[in-house]
Amino acid sequence: CIRDSNKDGRLRKATEHKKLSILFDFPDFPPAALLKIQNGNYEVLSVENPEGISADAIIKGNFEDIVELSGGFGRGISLLLTGKVKIKGLLKAITLLKILGEKEVL
């Protein structure tokens with residue numbers, strides 16, 4: 001289901017002129033979630049089997065650890081270095097963090 005971020009206003013400005021897909025794979029908390037952002041609109045899809053899913057970035061780890069990524073740069077680096085969270089497509093994942101960090105989203 002495509003959501004028009006114009007209606008809720010939280011992501012509209014932050015996602016204008018952007019196209020991005022991120023797969024969040026939580027082995028301990030299925031199903032996985034595929035976030036697709038395209039020019040001010042977004043959709044979140046439930047993915048029962050994340051193997052073979054194509055996305056700009058894949059973030060994999062236990063649910064609690066992935067949530068902790070929002071705890072700041074230092075905590076994120078620690079999670080990555082210990083292997084608790086794995087990211088394929090790191091630059092695209094950073095793009096998502098920049099989007100989430102914009103004032104209009106908060």
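Keep in mind that what you see is a predicted model, and the values were worked out from it rather than measured. Sequential numbering from 1 along the given sequence is applied to the chain's residues.
- Classified by interplanar angle (parallel below 30°, tilted 30° to 60°, perpendicular above 60°), the ring pair Phe24/Phe26 is parallel.
- In this structure, Lys36 and Leu45 approach most closely via the heavy-atom pair CE-CD1, 4.1 Å.
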Asn49 and Glu51: CA distance, side-chain angles, deciding distance, side-chain contact (heavy atoms from CB on, under 4.5 Å) verdict: CA-CA 6 Å; Asn49 183 6; Glu51 297 300 319; 3.5 Å; yes
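- Of all heavy-atom pairs spanning Pro50 and Glu48, the tightest one is CD-O, 3.6 Å.
- Summarising the geometry of Asn39 relative to His17, their closest heavy-atom pair is OD1-N, 2.9 Å, with the distance given to 0.1 Å.
- Of all heavy-atom pairs between Val85 and Asp65, the closest is CG2-CB, 3.7 Å.
- Pro30 and Asp28 get closest at one heavy-atom pair: CD-C, 3.6 Å.
- A distance of 9.0 Å separates CD in Glu43 from CD in Gln38, rounded to the nearest 0.5 Å.
- For the atom pair Ile58 CD1 and Lys86 NZ, the distance stands at 12.5 Å (nearest 0.5 Å).
- With contacts defined as side-chain heavy-atom distances shorter than 4.5 Å, the pair Leu20/Lys92 qualifies.
- Nearest heavy-atom pair, Ser21 versus Leu34, reported as atom, atom and distance to 0.1 Å: CB-CD1, 4.4 Å.
- One finds the CD1 atom of Ile53 at 10.0 Å from the CG atom of Asp25 (value rounded to the nearest 0.5 Å).
- Annotation: the span from Ile94 atom CD1 to Ile87 atom CD1 amounts to 7.5 Å, rounded to 0.5 Å.
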